[in-house]
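Per chain, numbering begins at 1; letters A, B, ... match sequence-line order.
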2 protein chains.
Amino acid sequence: MPLTRDQVIETAFEILRDYGLADLSMRRLARDLGVQPGALYWHVKNKQELLGVLSVMIMAPSDSGPTGSDPGSDALTESGAIAALRLQSRTIRRALLGVRDGAEVVALTHALDPESLSVLRRLAVGFEAAGLRGHKAGWAAKALVHYILGSVTEEQTRSGLIQAGVLAAPAEMSDAEDAFDFGLELLLAGAATTTNAPR
Amino acid sequence: MPLTRDQVIETAFEILRDYGLADLSMRRLARDLGVQPGALYWHVKNKQELLGVLSVMIMAPSDSGPTGSDPGSDALTESGAIAALRLQSRTIRRALLGVRDGAEVVALTHALDPESLSVLRRLAVGFEAAGLRGHKAGWAAKALVHYILGSVTEEQTRSGLIQAGVLAAPAEMSDAEDAFDFGLELLLAGAATTTNAPR
DNA sequence: ACCTGAACACCGTTCAAGT
DNA sequence: ACCTGAACACCGTTCAAGT
């Protein structure tokens with residue numbers, strides 16, 4: 001039977017998960033599927049589109065949870081909204097960490113088309129619930145996304161280099177999470193004060 | 001006369017400035033220098049090292065200004081330290097914007113070796129002056145660097161796509177600076193409150 | 001509709017051999 | 001010391017031609 005788009009995507013995801021972004025070439029993908037490289041372009045526009053699909057898959061585990069219009073939670077209060085943003089941010093980090101080079105793939109997709117991923121919109125809604133009006137909610141969401149993608153990309157690059165034997169293992173392991181949480185608090189505390197001083 | 005390392009670096013910088021990172025290949029660089037590709041490897045270890053040198057050059061315009069131990073300024077007070085950090089951050093952004101794909105080049109270098117650029121250390125010193133103790137100053141500096149590199153990378157990617165005709169020009173131009181400043185204030189306000197509430 | 005074969009226009013890096 | 005020639009092992013994408 002013929003190759004399907006889903007097979008292409010699934011195999012691409014497996015290469016990414018097991019070997020990383022550097023090994024995810026169209027030619028390697030074709031080889032793993034037992035097909036000529038050109039065949040892929042029947043199922044997929046180009047590599048960028050493929051990475052876009054993978055980005056959505058990587059982020060999928062963070063797509064559940066509260067949206068902006070979620071009644072029955074304390075997200076109606078501003079401090080509740082901040083708490084929700086903290087939770088969402090950690091969930092996104094976990095989703096990115098779940099796939100090798102996940103943050104880099106999502107960052108690539110996000111750079112070429114910031115609107116394509118739904119994260120931004122959801123976080124912006126969260127910041128509106130936290131009391132940020134006008135452009136400010138969107139700006140805050142962008143800042144948070146840059147922070148998350150930058151942090152996790154560095155974290156994954158680091159562990160990739162260690163696994164490759166290029167870097168030695170760090171003395172103090174896993175303060176990465178503490179560092180992430182601290183930077184997150186900085187951003188959220190800043191948003192909270194910006195809300196409380198609306199002059 | 002023989003090729004010098006400085007010529008290699010200078011020509012690489014010109015390609016980057018005039019044509020962008022995508023055009024800066026070792027082969028293109030060799031062609032512009034009138035030399036075979038292999039010749040470059042006598043002067044430079046590999047492409048990564050070359051990008052590291054370019055990163056330092058890109059950041060150079062932001063290397064002046066106040067350091068941590070700068071007497072005779074009001075940086076001795078915590079709010080003065082915050083003001084200094086705000087100024088430094090804007091200066092770094094301007095330096096990155098000064099070279100095509102500057103933020104991406106620096107981000108690449110930073111990802112593979114976060115210690116190599118001196119920015120991080122300087123910003124960490126700034127956060128210490130602002131009252132953050134222990135790991136916190138370093139964490140705050142990392143957060144700020146991720147934010148700056150992420151913001152400016154997106155800004156430059158965007159203008160690159162527009163120039164290439166892939167994207168239409170934005171309706172509201174240059175709210176990029178407002179967006180940057182807002183995110184910056186978030187981070188700095190967060191740092192200020194974290195300082196004032198040392199419980 | 002779906003794929004092959006083959007090409008086009010590239011990459012970064014190495015290294016014996018030349019001068 | 002410094003460079004050439006040539007190779008190695010790759011890339012992403014296109015497209016006529018086949019089935």
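Side chain of B:Ser159 to main chain of B:Gln156: a donor-acceptor pair is present (N/O by atom type, distance under 3.5 Å, no hydrogens or angles).
A straight line from CE of B:Met26 to C1' of C:dC15 spans 16 Å, rounded to a whole angstrom. When rounded to the nearest whole Å, the span between CG of A:Asn46 and P of D:dT14 equals 8 Å. Rounded to an integer number of Å, the gap from A:Tyr41 OH to D:dA17 P is 22 Å. The distance between atom CG of A:Leu40 and atom P of C:dA1, rounded to the nearest whole Å, is 19 Å. Atom-to-atom, NZ of A:Lys47 to P of D:dC11 comes out at 9 Å; the value is rounded to the nearest Å. Rounding to whole angstrom units, NZ of residue A:Lys45 and C1' of D:dG12 are separated by 13 Å. Between B:Arg31 atom CZ and C:dA9 atom P there is a gap of 13 Å when expressed in whole angstrom units. The interatomic distance linking B:Arg28 (CZ) with C:dA9 (P) rounds to 17 Å, in whole Å.
The minimum heavy-atom distance between B:His43 and B:Leu3, with the atom names listed, is CE1-O, 3.0 Å. Closest of all the heavy-atom pairs between A:Pro114 and B:Glu154 is CG-OE2, 3.5 Å.
At D:dC3, one or more side-chain N or O atoms of B:His43 fall inside 4.0 Å of OP1 or OP2 (strictly under the cut-off). A close approach under 4.0 Å does not occur between any side-chain nitrogen or oxygen of A:Trp42 and OP1 or OP2 of C:dC3. Between B:Gln36 and D:dC3, a side-chain N or O to OP1/OP2 separation shorter than 4.0 Å is absent.
The residue among B:Leu24 and A:Val35 whose nearest nucleotide of DNA chain C is located toward the 5' end is A:Val35. Nearest-nucleotide positions on DNA chain C for A:Arg27 and B:Pro37 put A:Arg27 closer to the 5' end.
Note on A:Arg5 versus A:Glu49: salt bridge recorded, some NZ/NE/NH1/NH2 to OD/OE distance being below 4.0 Å. Under 4.0 Å is where a charged nitrogen must lie from a carboxylate oxygen, and between A:Arg86 and A:Asp181 no such pair does.
Pair check for C:dC15 finds D:dG5; Watson-Crick or G-U wobble, both atom distances under 3.5 Å.
Atom P of D:dA9 sits at a distance of 23 Å from the matching atom of C:dC8, rounded to the whole Å.
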